[in-house]
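See structure below.
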Amino acid sequence: MPELPEVETCRRIVESELAGLTVVRTEVRLPKLLRFSEIPSLQAIEGRQVLGARRRAKLMIVDFSGDLTLIIHFKLAGQLSVHRPTGRRITAGHPVPNPDGPYPHKSTHIDILFDDGSIAYLSDIRQFGWLRLMPSDRVDAEIAAYAFGPEAFGNERITPEQLRRSLLRRSIPVKLALLDQGLVAGIGNIYADEALHRARIHPGTPANLLSKPATARLWEGIGWALERGIEQGGASIVHQKAYPVDGFPAVHGREQEACPVCGTPIKKITVGTRGAYYCPRCQKKRTRAHPAAKPAPESPG
DNA sequence: TGCGTTGTTTCACC
DNA sequence: CGGTGAAACAACGC
């Protein structure tokens, strides 16, 4: 499920593997993926050079020469796989189809062929993702329409103060607040669970009841989880089951497995409409340091 | 085979 | 007007 770390990994792949190359041919077997696209065909990028790639929230933004820009949303199951003429493959996003198997695959809907023989394959087993090709000067307005909040990671990253202010204005479960792209942009279900576990916060805690130290831990937890995810090139979750690397993810997709911190079996509950994995021992529903240690009644006057 | 899955949008309701 | 919660939607695998 491509969230910020998976999309960021894709972005880096485009930057390091494709920037400078020229598109010689495109193959679109599922035109529906371009259903929201101002320019309805990828033919317009043939003959154009890849200039670079940006990211905003979970969107990947690829700039081409000739003032064309392609915005990609991977949604649940998008995948980018770049195949070099040497046979080397670099893959990120959803782990299905198997990156080591044959391409194009049944779910590989788009091929982009480059002048050096490299091919970029875009796959999407769920077909929920989309691509929008447009003149580059439309991109800012396109992104502005999403009303994204500050980034969860990177240069424009949300500050601890911004996070605290935003959370104080919401009474919804903190996990849902983290998923609100208008509050902070880029976090999805996996990294929300991981950040909350790292911060030792119960996912159902009303956002405005988090203590200041808890909010500070959460801010750090967000950064830690996203960084860890990027470091690993994204998390691998297949059919709600995690395939952790070095103990990460710690809780998401790991129901009944032992919490890596305390060994307690991980629980799965529903928060809002979302599955939430957490450790019932590390993440208790208390955020005030000492709820009972408040004996001093105020004198009436 | 109906259910679960996610990001996003929409809508009724305070 | 804005926050909330619920539902709908896309398509697929199990």
Side-chain angles (χ1 to χ4, degrees), chain A residues 1-8 10 29-37 55-61 71-79 93-98 101 105-110 122-132 142-149 151-153 165-196 203-210 225-226 229 234-243 249 251-256 267-277:
Chain A
M1 287 140 246
E3 304 178 25
L4 187 152
E6 289 77 14
V7 178
E8 176 65 20
C10 288
R29 286 177 293 274
L30 192 64
K32 178 179 81 166
L33 297 183
L34 286 148
R35 63 196 177 283
F36 304 124
S37 184
R55 182 189 57 74
R56 177 71 169 111
K58 300 168 191 168
L59 296 174
M60 182 164 80
I61 304 158
I71 302 183
I72 302 176
H73 199 315
F74 293 98
K75 287 280 185 115
L76 271 74
Q79 182 204 78
H94 195 65
V96 179
N98 175 7
H105 172 277
K106 176 184 169 191
S107 300
T108 307
H109 308 305
I110 293 177
L122 289 167
S123 304
D124 187 343
I125 190 175
R126 287 277 181 270
Q127 305 179 18
F128 287 177
W130 50 252
L131 296 84
R132 298 182 193 200
E142 191 77 24
I143 288 172
Y146 278 91
F148 289 126
E151 281 285 311
F153 182 86
R165 262 198 308 274
S166 297
L167 292 179
L168 283 176
R169 285 196 271 104
R170 312 294 295 272
S171 62
I172 56 174
V174 59
K175 158 128 182 183
L176 299 184
L178 292 181
L179 296 175
D180 182 346
Q181 304 299 297
L183 196 155
V184 56
I187 302 173
N189 217 16
I190 301 170
Y191 296 93
D193 284 349
E194 294 304 308
L196 288 166
T205 312
N208 56 4
L209 293 189
L210 289 182
L226 294 175
S236 182
I237 313 282
V238 181
H239 297 134
Q240 300 119 259
K241 191 184 182 320
Y243 293 85
V251 290
H252 187 89
R254 303 187 67 176
E255 187 177 14
Q256 305 223 18
K267 280 177 79 171
K268 185 184 183 188
I269 58 172
T270 297
V271 175
T273 57
R274 298 321 177 78
Y277 298 86

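Chain identifiers are assigned alphabetically (A, B, ...) following the order of the sequence lines, protein sequences preceding nucleic acid strands; residue numbering begins at 1 within each chain. The model shown is predicted, which means the values in this text are computed figures rather than measured ones.
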Can you check whether [X] has a side-chain N or O nearer than 4.0 Å to OP1 or OP2 of [N]?
X	N	value
A/His94	B/dT6	no
A/Arg170	C/dG3	no
A/Lys268	B/dT5	yes

Open item on the list: Reading DNA chain C from 5' onward, which residue's closest nucleotide shows up sooner: A/Phe128 or A/Arg169?
Closed with: A/Arg169

- [ ] Take A/Arg274 and A/Ser171, find for each the nucleotide of DNA chain C with the closest heavy atom, and name the residue whose nucleotide sits nearer the 5' end.
- [x]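 The answer here is A/Ser171.
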
Could you state the atom-to-atom distance from [atom1] of [X] to [atom2] of [N] in whole Å?
X	N	atom1	atom2	answer
A/Glu6	B/dG7	CD	C1'	14 Å
A/Ile172	B/dC13	CD1	P	21 Å
A/Ile125	C/dC14	CD1	C1'	12 Å
A/Lys75	C/dA8	NZ	C1'	12 Å
A/Leu178	B/dG7	CG	C1'	15 Å
A/Gln127	B/dT5	CD	P	20 Å
A/Leu179	B/dT9	CG	P	14 Å
A/Leu33	C/dC12	CG	P	11 Å

Open item on the list: Taking any heavy-atom pair under 4.0 Å as a contact, classify A/Gly272: base, sugar-phosphate, or nothing.
Closed with: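 Nothing: the residue A/Gly272, judged by heavy atoms under 4.0 Å, touches no strand.
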
Open item on the list: Strictly distance-based, threshold 3.5 Å: is any side-chain N or O of A/Arg165 a donor or acceptor partner for the main-chain N or O of A/Leu167?
Closed with: no

Task: Side-chain donor or acceptor of A/Glu151 paired with backbone N/O of A/Gly186 under 3.5 Å - done: no

Task: Closest-nucleotide ordering on DNA chain B, the 5'-leading residue of A/Thr273 and A/Tyr146 - done: A/Thr273

Closest approach of [X] to [Y] (non-hydrogen atoms, all atoms of both residues):
X	Y	result
A/Gln79	A/His94	NE2-O, 2.9 Å
A/Arg56	A/Gly149	NH2-O, 2.9 Å
A/Pro2	A/Lys75	CD-O, 3.3 Å

What's the closest nucleotide to the side chain of [X] if the choices are [options]?
X	options	answer
A/Pro173	C/dG5, C/dG3, B/dT5	C/dG5
A/Glu3	B/dT9, B/dT6, B/dG7	B/dG7
A/Asn189	B/dG4, C/dG3, B/dT6	B/dT6

